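Values below: all heavy atoms of this structure, side chains included; hydrogens, waters and symmetry mates excluded. Just so we're on the same page: letters track the sequence lines, and every chain starts at 1. Predicted, not measured: the structure shown is a model, and the values here were computed from it.
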Amino acid sequence: MPSAETEREKTAPLLRIARSKALETVREMVAGCMQCGTCTASCPNAWAMDLTPRQLWRLVNFGQEEEVLASGTLFMCSTCYTCTLRCPRNLPLTSAMAALKRLAFEHAHKTRRRAAFYRSFVDNIRSYGRVKETALMSMYFLASRDPKLPLAFTAPALRLLGKGKLHWPGRPGRGSLGRLMDAVMNREGRP
Amino acid sequence: MNYAYYPGCSLKESAREYDLSTQAVMESLGAKLTEIPDWTCCGASAAEAVDDLLSLALPARNLALAERHLPGLDVLAPCSACYLNLRRAQEETNRERRVRDEVNAMLGAESLSYGGGVTVRHLLDVLVNDIGPERIEAAVKHFYPLLKVAPYSGCQILRPYRVFDDPEHPTALGRVLKAMYVDVLDWKAGNACCGASLAATKHKVALPAIRAVLDAASEADCIVTVCPMCQMNLELYQKEAGRRMPVLYLTQLMGLALGLPEQLLRVAHNLSVTPDFLRSLPDKAAEAATT
């Protein structure tokens, strides 16, 4: 029998999501969805998704955010914008997908690991001002805590090395992003 | 023709060929590119997944720098993802005053402010609309009538903003290629997705997308693209995808047609370009008549 305490801990994040302004914004984005399925038919990655885009919008509108934020679909979007282009209701579907991804990173514990690439990216540009590809991938491998991940990239990395395309980062550039990124990430009312 | 040049991170890292060839081709076509001083990352495809305001503030910083140091110039971006991020910052800050104020409140941390006066252009837009096929054709030294090229536009110069091309049936890239008398492949995959950043995060999902584009181009001698991420995805995983196909940047092929030296184009640096392909190029060319 779970104690009242653990029950509260489990439901608290969900309540926080349900009441969050960010989720309200996503609901507004897809409120006009008429379930025609043009997004799903246009999506190059729908075959790899546990929920199709059309199903995802339906669940958002029905307040099933637990299911939405646990879905792997959010991480299968390659931001090709075909759904956004073709949506007959002109809904900003690619932006809605990104907004859901942000919510999942923020609130759903299971997806924290999936944020490894994005965390590494933010750290990378904060350090150097510009993306340093080799350092980014190394940080990503470390942050993922998945020993198999670097192995999967060994062959492509060797091909890049062979053509002199891997560069260890030198000194950070003159343009720096530390102050701007601190201002953005620590602003008042950040969702 | 003067432009505020935003090369973007990739062009200073694994896509140096695109940076060098863009600068060389634009100079020889009479366009002057001035790099935006102290430019920084545009947010790539990752910032939007971290924070919405970050995904606008990062590109807006570069627009603010262009506005301050290179006033009146359009920003020229050769990378499709940079183009879209910078363009989105342009469109969003102009669409809603509130958004521009929010962005400027963040840029204030660097004593910068963006007034909304910059237009962001993709390299292909500038080639087609400012320079134009006629001027390109007049500058070409070697035409390539026997070279069959698959024009790969990718996603982010076409969608979501309909700026200079038809997103469902793109023609801009083909028009530039035809100015070099290239045999342009008529295909359906020119605006298909290459998998983009899924190649790094969901490799098994990106690979079929990459394979589909390579397979659709099987009749061509090479693919030509205008995006460093498309170029990388299409050439880096050819072994896994099971098809070999040279993938060139548009400006590399243009440089060859304009007779520019290899050290400015670095075609041999592309992973997918084989010595056989390079040897076959002269046989596919025809000299322009000297008048």
*Asks:* Taking only Lys NZ, Arg NE, NH1 and NH2, and the carboxylate oxygens of Asp or Glu, determine whether Arg102(A) and Asp51(B) approach each other closer than 4.0 Å.
*Replies:* no
*Asks:* Nearest 0.5 Å, please: how far is SG in Cys83(A) from CZ in Arg159(B)?
*Replies:* 9.5 Å
*Asks:* Would you mind reporting whether Leu58(B) and Ile125(A) have side-chain heavy atoms less than 4.5 Å apart?
*Replies:* yes
*Asks:* Answer yes or no: is there an ion pair linking Glu17(B) with Lys165(A), defined by an N-O contact shorter than 4.0 Å?
*Replies:* yes
*Asks:* Let's test your reading of the structure: which of Pro208(B), Ala200(B), Ala57(B), Ala105(B) forms the most heavy-atom pairs below 4.5 Å with chain A?
*Replies:* Ala200(B)
*Asks:* What part of Ala44(B) gets within 4.5 angstrom of chain A, counting heavy atoms only: side chain, backbone, both, or neither?
*Replies:* both
*Asks:* Against chain A, label Ala209(B) side chain, backbone, both or neither, depending on which of its atoms sit under 4.5 Å from a heavy atom there.
*Replies:* neither
*Asks:* Might you point out which heavy atoms bring Lys163(A) and Leu271(B) nearest each other, and give the distance in Å?
*Replies:* CG-CD2, 3.2 Å
*Asks:* Rounded at 0.5 Å granularity, tell me how far CD in Glu168(B) sits from OG in Ser42(A).
*Replies:* 7.5 Å
*Asks:* Select one option (side chain, backbone, both, neither) describing which atoms of Tyr161(B) are under 4.5 Å from chain A's heavy atoms.
*Replies:* neither
*Asks:* Taking all non-hydrogen atoms of both residues into account, name the closest pair between Gly43(B) and Phe121(A) and its distance.
*Replies:* O-CZ, 3.3 Å
*Asks:* Under 4.5 Å from any heavy atom of chain B, what part of Pro44(A) do you find: side chain, backbone, both or neither?
*Replies:* side chain
*Asks:* Pick one of side chain, backbone, both or neither for Ser10(B), based on which atoms fall under 4.5 Å of a heavy atom in chain A.
*Replies:* both
*Asks:* Check whether Pro37(B) gets within reach of chain A through its side chain, its backbone, both or neither, counting any heavy atom under 4.5 Å.
*Replies:* neither
*Asks:* Heavy-atom pairs under 4.5 Å with chain A: which of Gly8(B), Gly108(B), Pro167(B), Ser197(B) has the most?
*Replies:* Pro167(B)
*Asks:* Which residues satisfy the side chain to side chain contact (heavy atoms under 4.5 Å, CB included) test with Cys79(B), sequence neighbours excluded?
*Replies:* Leu11(B), Ala81(B), Cys82(B), Pro228(B)
*Asks:* Do other residues, nucleotides or ligands put more than 12 heavy atoms under 6.0 Å from Arg243(B) CZ?
*Replies:* yes
*Asks:* Could you tell me which of Ala98(A), Pro156(A), Gly164(A) has the largest number of non-hydrogen atom pairs under 4.5 Å with chain B?
*Replies:* Pro156(A)
*Asks:* I'd like to verify something: which residue of Met76(A), Met97(A), Glu133(A) has the highest number of heavy-atom pairs under 4.5 Å with chain B?
*Replies:* Glu133(A)
*Asks:* Give the minimum heavy-atom separation between Ser78(A) and Ala196(B), together with the two atoms involved.
*Replies:* O-CB, 3.6 Å
*Asks:* Quick one: NZ on Lys202(B) to CZ on Phe117(A), what's the gap to the nearest 0.5 Å?
*Replies:* 12.5 Å
*Asks:* Given Trp47(A) and Val205(B), is the side chain to side chain contact (heavy atoms under 4.5 Å, CB included) satisfied, shown in steps?
*Replies:* CA-CA 9 Å; Trp47(A) 63 272; Val205(B) 183; 4.0 Å; yes
*Asks:* Let me confirm one number: the CG-CG distance from Leu54(B) to Leu177(A), rounded to the nearest 0.5 Å.
*Replies:* 8.5 Å
*Asks:* Measure the spacing between OH of Tyr81(A) and CG of Leu84(B) and express it to the nearest 0.5 Å.
*Replies:* 5.0 Å
*Asks:* What's the spacing between Thr40(B) OG1 and Arg130(A) CZ if we round to 0.5 Å?
*Replies:* 7.5 Å
*Asks:* Any idea which heavy atoms bring Thr134(A) and Glu13(B) closest together, and the distance?
*Replies:* N-OE1, 4.2 Å
*Asks:* In terms of heavy-atom proximity below 4.5 Å to chain A, should His269(B) be classed as side chain, backbone, both, or neither?
*Replies:* both
*Asks:* Considering all heavy atoms of both residues, which atom of Val131(A) and which atom of Cys41(B) are nearest to each other, and what is their separation?
*Replies:* CG2-SG, 3.8 Å
*Asks:* Check each atom of Ala268(B) against the heavy atoms of chain A and say whether the ones under 4.5 Å are side chain, backbone, both or neither.
*Replies:* backbone
*Asks:* Considering all heavy atoms of both residues, which atom of Met232(B) and which atom of Leu160(A) are nearest to each other, and what is their separation?
*Replies:* SD-CD2, 4.0 Å
*Asks:* Using only atom types and a distance under 3.5 Å, with no angle test, would you say the side chain of Gln156(B) pairs donor to acceptor with the backbone of Thr79(A)?
*Replies:* yes
*Asks:* Where do His167(A) and Arg16(B) land on the side chain to side chain contact (heavy atoms under 4.5 Å, CB included) test, with the steps shown first?
*Replies:* CA-CA 11 Å; His167(A) 314 276; Arg16(B) 283 180 190 174; 3.3 Å; yes
*Asks:* Report yes if some heavy atom in the side chain of Tyr140(A) is under 4.5 Å from a heavy atom in the side chain of Thr201(B); otherwise report no.
*Replies:* yes
*Asks:* Are any side-chain N or O atoms of Arg159(A) and backbone N or O atoms of Leu236(B), one a donor and one an acceptor, separated by less than 3.5 Å?
*Replies:* yes
*Asks:* Side chain, backbone, both or neither: which part of Asn270(B) has a non-hydrogen atom closer than 4.5 Å to chain A?
*Replies:* backbone
*Asks:* If you tally heavy-atom pairs under 4.5 Å against chain A, which of Leu198(B), Leu107(B), Leu112(B), Val103(B) wins?
*Replies:* Leu198(B)
